[in-house]
*Asks:* 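Pasting a structure here, questions to come.
All values below come from the heavy atoms of this structure, side chains included, with hydrogens, waters and symmetry mates left out.
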Amino acid sequence: MDVKQKVSIPASDILLRKLASNKIEDNFDPLSNWINRYRILPVTYPPLANETIGYLVIKKRVKNDKSFELQITQRLRLEEESHFFGAHILKATILCRNDAFATPEQWEWTSSYKHQNSNTEILRLQETATYKDGRLERETRNGVFHSAIQGYFSLEWCLLEAIQRFHP
C-alpha cells in the first residue's frame with residue numbers, strides 16, 4: 001500500500017487489516033538484528049483524517065547475549081487545519097538488558113522542532129539517563145534528577161521490542 005494513500009472514512013475492516021498487515025519475513029528472528037518501520041496516522045477528522053503524517057523506525061542491534069541497542073527515529077509532520085508549519089523529529093539510542101521487559105540501562109534522546117520553510121531548528125531538547133540497581137539518573141537542560149524505581153522498569157520503545165519475543 002502506498003504510504004501516502006488516504007484511508008476512507010469510515011475505514012472498512014478489509015482496509016484496516018491491509019494497513020495493519022506488515023509482511024513478516026519467514027525467517028524473522030526477534031532475538032537477532034532487525035528493523036521495523038511504521039506509518040503514523042492521526043486520530044482526527046478531515047482535512048487530515050487518515051493521511052500519513054509521519055513514520056517511526058525502530059532498529060535493533062544485538063550487542064551480546066545480555067544486551068542490545070535500540071535506535072529510534074520518529075518524524076511527525078506538524079499541521080493545523082491543513083496548514084503545514086514544520087516537523088517534530090525524535091531520535092533515541094537505548095541500551096537494553098536482554099530480559100522480559102527489555103529493561104533500559106542507558107539512553108539518550110533528542111527531540112527537535114524544525115520550521116517548514118527554512119528547515120531551521122526552532123527548539124531542541126535532550127536527555128541522557130542511566131538505570132542500575134533500582135536507581136534512575138536523568139540529565140536534562142534543567143539539571144540532574146535521581147529516582148528510586150521499585151519493581152520492573154521499561155520504556156515504551158523497549159516494550160515494542162519485548163512484545164516481539166513473546167511466543168503464543
*Asks:* Given K63 and N98, is the side-chain contact (heavy atoms from CB on, under 4.5 Å) satisfied, shown in steps?
*Replies:* CA-CA 10 Å; K63 294 284 193 182; N98 193 12; over 6 Å; no

*Asks:* Under 4.5 Å between side-chain heavy atoms, hopping through other hydrophobics if needed: is there a path connecting L159 to V57?
*Replies:*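 L159 and V57: separate clusters.
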
*Asks:* Could you tell me the separation between the CZ atom of R39 and the CG atom of L56, rounded to the nearest 0.5 Å?
*Replies:*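 With rounding to 0.5 Å, CZ (R39) is 13.5 Å from CG (L56).
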
*Asks:* In the structure I gave you, are the side-chain heavy atoms of E121 and S112 within less than 4.5 Å of one another anywhere?
*Replies:*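 A side-chain contact under 4.5 Å exists here.
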
*Asks:* Taking K60 first and then E161, would you say they form a salt bridge - that is, a charged N and a carboxylate O separated by under 4.0 Å?
*Replies:*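 Looking at E161 together with K60, the answer is yes, because their closest N to O distance falls below 4.0 Å.
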
*Asks:* Do D99 side-chain atoms and T103 backbone N/O form a donor-acceptor pair below 3.5 Å?
*Replies:*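 Indeed, once roles are kept as given, a pair shorter than 3.5 Å links the two residues.
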
*Asks:* Rounded to the nearest 0.5 Å, what's the gap from CZ on F28 to CH2 on W34? Could you check?
*Replies:*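 That separation rounds to 6.0 Å.
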
*Asks:* Would you give the length of the straight line joining atom NZ of K114 to atom OG1 of T120, rounded to the nearest 0.5 angstrom?
*Replies:*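 So the gap between those two atoms works out to 9.0 Å.
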
*Asks:* How close do R61 and N33 get, heavy atom to heavy atom, and via which atoms?
*Replies:*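 For R61 versus N33, the nearest heavy atoms are CA-OD1, 3.2 Å.
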
*Asks:* Quick one: CD on E105 to NZ on K66, what's the gap to the nearest 0.5 Å?
*Replies:*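 Here the interatomic distance stands at 10.5 Å.
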
*Asks:* Measure across C158 and F101 and return the closest heavy-atom pair with its distance rounded to 0.1 Å.
*Replies:*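 For C158 and F101, the tightest heavy-atom pair comes out as CB-O, 4.1 Å.
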
*Asks:* Answer with yes or no whether the hydrophobic clustering places I94 together with I89; edges join I, L, V, M, F, W, Y residues whose side-chain heavy atoms lie under 4.5 Å apart.
*Replies:*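 No, because I94 and I89 fall into different hydrophobic clusters, even though each may have its own neighbours under 4.5 Å.
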
*Asks:* Determine whether R75 and L90 satisfy the following criterion, side-chain contact (heavy atoms from CB on, under 4.5 Å), listing intermediate values before the conclusion.
*Replies:* CA-CA 6 Å; R75 183 180 177 94; L90 180 123; over 6 Å; no

*Asks:* For residues F145 and N142, report the shortest heavy-atom separation together with the two atoms involved.
*Replies:*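 Result for this residue pair: CZ-O, 3.8 Å.
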
*Asks:* Do you know the tightest heavy-atom contact between V62 and S32?
*Replies:*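 Reported closest heavy-atom pair: CG2-C, 3.7 Å.
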
*Asks:* Show the numbers, then the answer: is there a side-chain contact (heavy atoms from CB on, under 4.5 Å) between L70 and I58?
*Replies:* CA-CA 7 Å; L70 294 178; I58 302 174; 4.2 Å; yes

*Asks:* With side chains defined as the heavy atoms from C-beta onward, is the minimum distance between V144 and H146 less than 4.5 Å?
*Replies:*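 Result yes, sub-4.5 Å side-chain heavy-atom pair found.
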
*Asks:* What is the minimum heavy-atom distance between L78 and A87, and which atoms define it?
*Replies:*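 Residues L78 and A87, closest heavy atoms: CD1-C, 3.8 Å.
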
*Asks:* Between W107 and E127, does a side chain to side chain donor-acceptor pair (under 3.5 Å) hold up when you go through it step by step?
*Replies:* CA-CA 8 Å; W107 69 86; E127 175 180 284; 2.9 Å; yes

*Asks:* Evaluate side-chain contact (heavy atoms from CB on, under 4.5 Å) for W109 paired with L155, printing each intermediate quantity in order.
*Replies:* CA-CA 12 Å; W109 62 257; L155 299 172; over 6 Å; no

*Asks:* Do you know the tightest heavy-atom contact between H88 and Y113?
*Replies:*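 What the structure gives for the nearest pair is CD2-CZ, 3.4 Å.
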
*Asks:* Going through the distances and angles, do F153 and Y131 end up as a ring-ring contact (aromatic ring centres under 6.0 Å, His included)?
*Replies:* CA-CA 9 Å; F153 175 66; Y131 172 73; 4.6 Å; yes

*Asks:* Are side-chain heavy atoms of E69 and T93 found at a separation under 4.5 Å?
*Replies:*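 Sidechains of T93 and E69: in contact.
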
*Asks:* Would you say that R138 contacts L136 through its side chain, given a criterion of any heavy-atom pair below 4.5 Å between the two side chains?
*Replies:*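 Answer yes - side chains close enough.
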
*Asks:* Given R135 and D133, is the salt bridge (Lys or Arg N to Asp or Glu O under 4.0 Å) satisfied, shown in steps?
*Replies:* CA-CA 6 Å; R135 301 285 307 157; D133 300 326; over 6 Å; no

*Asks:* Consider only side-chain heavy atoms of I, L, V, M, F, W and Y, link residues closer than 4.5 Å, and tell whether L31 and L160 are in one cluster.
*Replies:*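 Unlinked, L31 and L160 end up in two clusters.
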
